[in-house]
Amino acid sequence: MHQDFLPPGIAVLTGAGVSKESGIDTFRDAGGLWTRVNLEEVATIEAWYRDKKKVLDFYNDTRRMFRATHIAPNAAHAALARLEQEYDGEVTIITQNIDLLHEQAGSRRVIHMHGRDGEVRCMHCQKVFESDDDLTPASVCPNCISVGELRPNIVWFGEMPMHLEEIYQVLERCGLFLSIGTSGEVYPAAGFVLHVRRHAARARTVELNLEATDNKTLFHEHIYGPATEIVPAYVARVLARGWRD
């Protein structure tokens, strides 16, 4: 099919809820990660400068959790990979998750707005490297040889999300926007649906979540339930007959 005749793109925003059924804890639910640790002690740049060992140990442990043998893509991840493979137009996943479950399921066009597991960044030279090694305050940057300047390449509280210019371009050209497994509380991601409504006026917006969010009124359609059940069913529907009423 000629590029000019491709159907409108699909933009998919995913949050912690899409990975919960793979065994990765959500952050804000009862019993979630932020109920067990103080985010100000492990998830801010101030915490890193104050106690690098404590922050780095936390993320070393988190990385090992992601690598646990029982952590694997679930049916929702697989369905989104199928959507990308079988839909004629562009499908882009914009994820707030730092895990690599979308890629492991087969998705190729994934934007990690909060960074991604397995990458480190040097605060001195700003180079980003792929690495699964534990970080310590004695770690040496392979580029500038600075000591103690390596940190996980993820977005901490108070820092700007990554790839926002690319994300807004995707949102503005999409014909379908899906919000899957996200609380609708964290900005700027929580504002993506409103951006679509304002800048991609013909786009359809669909919320797929365990329960309704505060953004419910901004979505044309609402589907509630476990991600492993509702996402595969919705993807099958889109591939069979599109998303228009």
Side-chain angles (χ1 to χ4, degrees), residues 10-44 58-59 62 65-66 71 73-77 79-80 92-102 107 110-117 154-164 167-168 170-171 174 176-198 203-235:
I10 299 175
V12 184
L13 173 66
T14 66
V18 80
S19 294
K20 183 175 183 179
E21 293 175 83
S22 290
I24 295 179
D25 286 341
T26 59
F27 287 82
R28 288 172 170 75
D29 288 348
L33 190 58
W34 295 142
T35 67
R36 304 197 301 273
V37 298
N38 184 339
L39 66 90
E40 293 182 356
E41 295 180 357
V42 296
T44 67
F58 173 78
Y59 285 99
T62 299
M65 178 189 72
F66 289 164
I71 302 296
N74 61 49
H77 297 104
L80 293 174
T92 304
I93 295 174
I94 304 160
T95 187
Q96 299 172 86
N97 302 333
I98 65 171
D99 65 64
L100 303 181
L101 294 176
H102 284 302
S107 293
V110 183
I111 302 174
H112 286 267
M113 62 180 295
H114 291 160
R116 51 178 287 178
D117 179 46
I154 61 175
V155 175
W156 285 329
F157 287 90
E159 297 180 327
M160 284 294 293
M162 302 176 182
H163 314 298
L164 285 180
I167 288 170
Y168 285 120
V170 169
L171 297 177
C174 76
L176 173 66
F177 174 74
L178 307 178
S179 178
I180 303 174
T182 180
S183 67
E185 296 178 4
V186 180
Y187 284 82
F192 288 170
V193 61
L194 182 58
H195 191 86
V196 170
R197 295 293 295 265
R198 287 176 172 171
R204 184 167 181 79
T205 56
V206 182
E207 179 177 67
L208 299 99
N209 207 3
L210 197 58
E211 56 190 16
T213 68
D214 290 342
N215 281 337
K216 178 180 179 179
T217 58
L218 294 173
F219 291 93
H220 297 105
E221 184 177 357
H222 315 88
I223 303 172
Y224 300 125
T228 54
E229 297 176 11
I230 63 175
V231 176
Y234 185 79
V235 166

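Taking 4.5 Å as the limit, every side-chain heavy atom of Asn97 sits out of range of all side-chain heavy atoms of Ile24. Between Pro161 and Gln96, the closest side-chain pair of non-hydrogen atoms is not below 4.5 Å.
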**Study point:** Residues Asp99, Asp117; criterion side chain to side chain contact (heavy atoms under 4.5 Å, CB included); working and verdict
**Key:** CA-CA 6 Å; Asp99 65 64; Asp117 179 46; 5.7 Å; no
Practice item. Test Thr95 against Val18 for side chain to side chain contact (heavy atoms under 4.5 Å, CB included), laying out the working first. Key: CA-CA 10 Å; Thr95 187; Val18 80; 5.6 Å; no
Exercise for review: Please step through side chain to side chain contact (heavy atoms under 4.5 Å, CB included) for the pair Leu100 and His112, ending with a clear verdict.
Suggested key: CA-CA 9 Å; Leu100 303 181; His112 286 267; 4.0 Å; yes
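Between atom NE2 of residue His222 and atom CG of residue Leu208 there is a gap of 10.5 Å, rounded to the nearest 0.5 Å. Between the CG atom of Asn209 and the NZ atom of Lys216 there is a distance of 11.5 Å, given to the nearest 0.5 Å. For the atom pair Glu221 CD and Thr205 OG1, the distance stands at 9.5 Å (nearest 0.5 Å). For the atom pair His220 NE2 and Glu207 CD, the distance stands at 13.0 Å (nearest 0.5 Å). To the nearest 0.5 Å, atoms CD1 (Ile98) and OG1 (Thr62) are separated by 6.5 Å. Residue Asn74 holds its CG atom at 5.0 Å from NE2 of His77, rounded to the nearest 0.5 Å.
Nearest heavy-atom pair, Thr217 versus Arg197, reported as atom, atom and distance to 0.1 Å: O-NH1, 4.4 Å. Pairing each heavy atom of Val196 with each of Cys174, the nearest pair is CG1-SG, 4.1 Å. Among all heavy-atom pairs drawn from Val42 and Trp156, the shortest one is O-NE1, 4.1 Å. Taking all atoms of both residues into account, the shortest heavy-atom contact from Leu101 to Ser19 is CD1-OG, 3.7 Å. Taking both residues in full, the closest heavy atoms of Glu21 and Ala227 are given as OE2-N, 3.0 Å, listed atom of the first, atom of the second, then distance. Smallest separation of non-hydrogen atoms from Val206 and Tyr234: CG2-OH, 3.4 Å.
Partners of Ser179 according to the side-chain contact (heavy atoms from CB on, under 4.5 Å) rule, which considers only residues two or more places apart in sequence or in another chain, are Leu13, Phe177, Thr182, Phe219. Under the rule for a side-chain contact (heavy atoms from CB on, under 4.5 Å), the partners of Pro232 that lie at least two apart in sequence or sit in another chain are Ala75, Ala79.
Between Tyr168 and Phe192, the angle of the ring planes goes over 60°, which puts this pair in the perpendicular group of the 30/60° scheme.
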